[in-house]
S.K.: 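This is the structure I want to talk about, given as structure tokens.
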Amino acid sequence: ACPSGTFSNDSTTACQPCAAGTYQGASGQTSCTACDPGTYQGDTGQTQCIACDPGSVTDTYAEERATECNACPVGKFSEISTDPCQDCAVGTYQVDIGQTQCIACSAGTYQGDTGQPSCIACDPGSVTDTYAEERAIECNACPAGKFSDDSTTACQDCPIGTYSDVVGANNAETCTACPAGTYSESPGSILCIPCPNGSITNTLTETNATSCSACPTGKFSLTSTTGCQECPAGTYQDINGQTRCIFCPDGYMTNTREYTGATTCSVCPVGKYSPTSTTVCQDCVAGTYQGDTGQTQCIACDPGSVTDT
């Protein structure tokens, strides 16, 4: 009888070894048995097939008669030996061969491609799309106006009164104070805004201004780093945000007269006069008159004439 591992289908021929991919565990047999899916045999004349462990795959996958069992390479995995090795998904990796699963990228690392043997560190100044969670697939630099000293936390805004034009900033020191005369009123600013003359910043000659306010009527400012000043007596300003005051001519009067900070300049009506804009318009005295507006004196009524009052 033919021994196990061999066969003969004709008593007139010699026993033959079972081919690779087959086996025979009994003696005196006329044929060999194909290795089941998930098992293999690479040698001839064998009495059994060998189980292909998970993490490895046979060369016939779900079919019989496998002759090889190969470990999945790095970056791949297989849960059962009858399925092809699969690429590790994005956000995961596998550094060893013959594995049944992939490993999640740890917080602060990422992997945007499939089938990879490692994850990539996301440097400070950039953040992963999962922050403090695993399985990140992206690492994005903080935009200008923001910073991050840890890739597992969201980019933070530069505070108001500062700015940053640096992409990928990794610490708060990259946020620069707005120079005197400029301001930043919004967090995460990429530049400071010039405060125009006629307006003033809230820090005047200091840095880190967070606002810019127009000088109100009755005041002016030559530069944004000096406080708003009241219009001198005899001048006025009726518009916000101005760099100078307007002279109120004689024959007119300001609403503050001899005081500063006037916001209007009014013409003296007929029958009145004002020698200066800092005095109230006065009535023409008896025997005098004024038929025009905006005059600095009244006119004597000629002898033989009378005034209407």
Side-chain angles (χ1 to χ4, degrees), residues 53-57 70-81 83-195 201-203 206-212:
D53 293 331
S56 299
V57 296
N70 298 307
C72 291
V74 296
K76 296 179 181 285
F77 75 102
S78 179
E79 295 179 343
I80 58 175
S81 59
D83 286 342
C85 298
Q86 302 176 56
D87 284 338
C88 290
V90 293
T92 69
Y93 74 103
Q94 183 50 260
V95 67
D96 295 318
I97 64 172
Q99 300 301 305
T100 60
Q101 61 183 3
C102 296
I103 305 166
C105 291
S106 59
T109 68
Y110 72 102
Q111 182 50 259
D113 296 323
T114 59
Q116 299 303 305
S118 63
C119 295
I120 305 166
C122 187
D123 294 330
S126 299
V127 296
T128 63
D129 56 316
T130 58
Y131 300 129
E133 302 297 324
E134 299 177 330
R135 297 180 183 272
I137 62 174
E138 294 180 354
C139 173
N140 298 308
C142 292
K146 297 177 182 284
F147 69 93
S148 176
D149 55 8
D150 183 348
S151 61
T152 61
T153 57
C155 298
Q156 302 176 58
D157 288 330
C158 287
I160 57 175
T162 69
Y163 77 102
S164 175
D165 57 4
V166 177
V167 175
N170 61 12
N171 59 68
E173 284 68 36
T174 57
C175 299
T176 305
C178 289
T182 68
Y183 71 103
S184 166
E185 61 186 357
S186 300
S189 294
I190 62 173
L191 53 80
C192 295
I193 305 168
C195 187
T201 64
N202 60 315
T203 59
E206 303 296 323
T207 60
N208 292 96
T210 60
S211 66
C212 172

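In what follows, every heavy atom counts, from backbone to side chain, and hydrogens, waters and symmetry copies are set aside. Position 1 is the first residue of the sequence; numbering continues from there. Only a predicted model underlies this, so the values are computations on that prediction, with no experimental measurement involved.
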S.K.: Got a sec, which residues hit side-chain hydrogen bond (donor to acceptor under 3.5 Å, both in side chains) with Thr210, two or more places apart in sequence or on another chain?
M.R.: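 So Thr210 forms a side-chain hydrogen bond (donor to acceptor under 3.5 Å, both in side chains) with Asn202.
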
S.K.: What is the minimum heavy-atom distance between Tyr183 and Cys212, and which atoms define it?
M.R.: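 For Tyr183 and Cys212, the tightest heavy-atom pair comes out as CE2-CB, 3.3 Å.
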
S.K.: Of all the heavy-atom pairs spanning Pro159 and Cys175, show the shortest one and how long it is.
M.R.: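 In this case the closest contact between Pro159 and Cys175 is CD-SG, 4.3 Å.
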
S.K.: State which residues pass side chain to side chain contact (heavy atoms under 4.5 Å, CB included) with Pro187; sequence neighbours excluded, sorted by chain then number.
M.R.: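 Result, side chain to side chain contact (heavy atoms under 4.5 Å, CB included) vs Pro187: Asp157, Ile160.
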
S.K.: I'd like to check Ile137 versus Asp129 (side-chain heavy atoms, cut-off strictly below 4.5 Å). Are they in contact?
M.R.: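 Counting from C-beta outward, Ile137 and Asp129 do come under 4.5 Å.
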
S.K.: Mind checking whether Val95 and Ser118 have side chains closer than 4.5 Å, heavy atoms only?
M.R.: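 In short, these two side chains do not touch, never coming nearer than 4.5 Å.
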
S.K.: Do Gln111 and Thr92 have side-chain heavy atoms sitting under 4.5 Å apart?
M.R.: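 Sidechains of Thr92 and Gln111: no contact.
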
S.K.: If the condition is side-chain hydrogen bond (donor to acceptor under 3.5 Å, both in side chains), which residues does Asp150 pass it with, not counting sequence neighbours?
M.R.: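 Testing Asp150 for side-chain hydrogen bond (donor to acceptor under 3.5 Å, both in side chains), a comparison that skips the adjacent residues, returns Thr152.
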
S.K.: Where is the tightest heavy-atom contact between Ser126 and Ala141, given as atom of each residue plus distance?
M.R.: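 That closest heavy-atom pairing would be OG-CA, 3.3 Å.
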
S.K.: Does atom CD1 of Ile80 have more than 12 heavy-atom neighbours, drawn from other residues, nucleotides or ligands, at distances under 6.0 Å?
M.R.: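 Above 12, so yes.
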
S.K.: Looking only at heavy atoms, what is the nearest atom pair of Cys195 and Thr201, with distance?
M.R.: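 It is CB-CG2, 3.5 Å.
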
S.K.: Looking at every heavy atom in both Tyr93 and Cys88, which two are closest together, and how far apart are they?
M.R.: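 The pair with the smallest heavy-atom distance is C-SG, 3.7 Å.
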
S.K.: Just so I know, are the side chains of Val74 and Ile97 near enough to count as touching, which here means a heavy-atom distance under 4.5 Å?
M.R.: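 A side-chain contact under 4.5 Å exists here.
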
S.K.: With Ser184, which residues qualify under side-chain hydrogen bond (donor to acceptor under 3.5 Å, both in side chains), at least two apart?
M.R.: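 With sequence neighbours excluded, Ser184 shows a side-chain hydrogen bond (donor to acceptor under 3.5 Å, both in side chains) to Ser189, given in chain and number order.
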
S.K.: Tell me, please, which residues at least two apart from Asp53 pass salt bridge (charged side-chain N to carboxylate O under 4.0 Å, His left out).
M.R.: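 Salt bridge (charged side-chain N to carboxylate O under 4.0 Å, His left out) check on Asp53 returns nothing, list empty.
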
S.K.: Is there a donor-acceptor pair closer than 3.5 Å between any side-chain N or O of Gln94 and the backbone N or O of Gln101?
M.R.: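 Pair found, side chain donor or acceptor close to backbone of Gln101.
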
S.K.: Which heavy-atom pair separates Thr128 from Ala136 by the least distance, and what is that distance?
M.R.: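 Minimum heavy-atom separation between Thr128 and Ala136: CB-CB, 3.5 Å.
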
S.K.: Apply side-chain hydrogen bond (donor to acceptor under 3.5 Å, both in side chains) to Asp83 and list each qualifying residue two or more places apart in sequence or on a separate chain.
M.R.: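 By the side-chain hydrogen bond (donor to acceptor under 3.5 Å, both in side chains) rule, Asp83 matches no residue at all.
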
S.K.: Under a 4.5 Å cut-off applied to non-hydrogen side-chain atoms, are Thr162 and Thr176 in contact?
M.R.: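 Heavy-atom side-chain distance check fails, nothing below 4.5 Å.
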
S.K.: Just by distance, do the side chain of Ser151 and the backbone of Cys122 share a donor-acceptor pair under 3.5 Å?
M.R.: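 Side chain of Ser151 to backbone of Cys122: a pair is present.
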
S.K.: What distance separates Gln156 CD from Asn171 CG, expressed to the nearest 0.5 Å?
M.R.: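 Taking CD in Gln156 and CG in Asn171, the distance rounds to 11.0 Å.
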
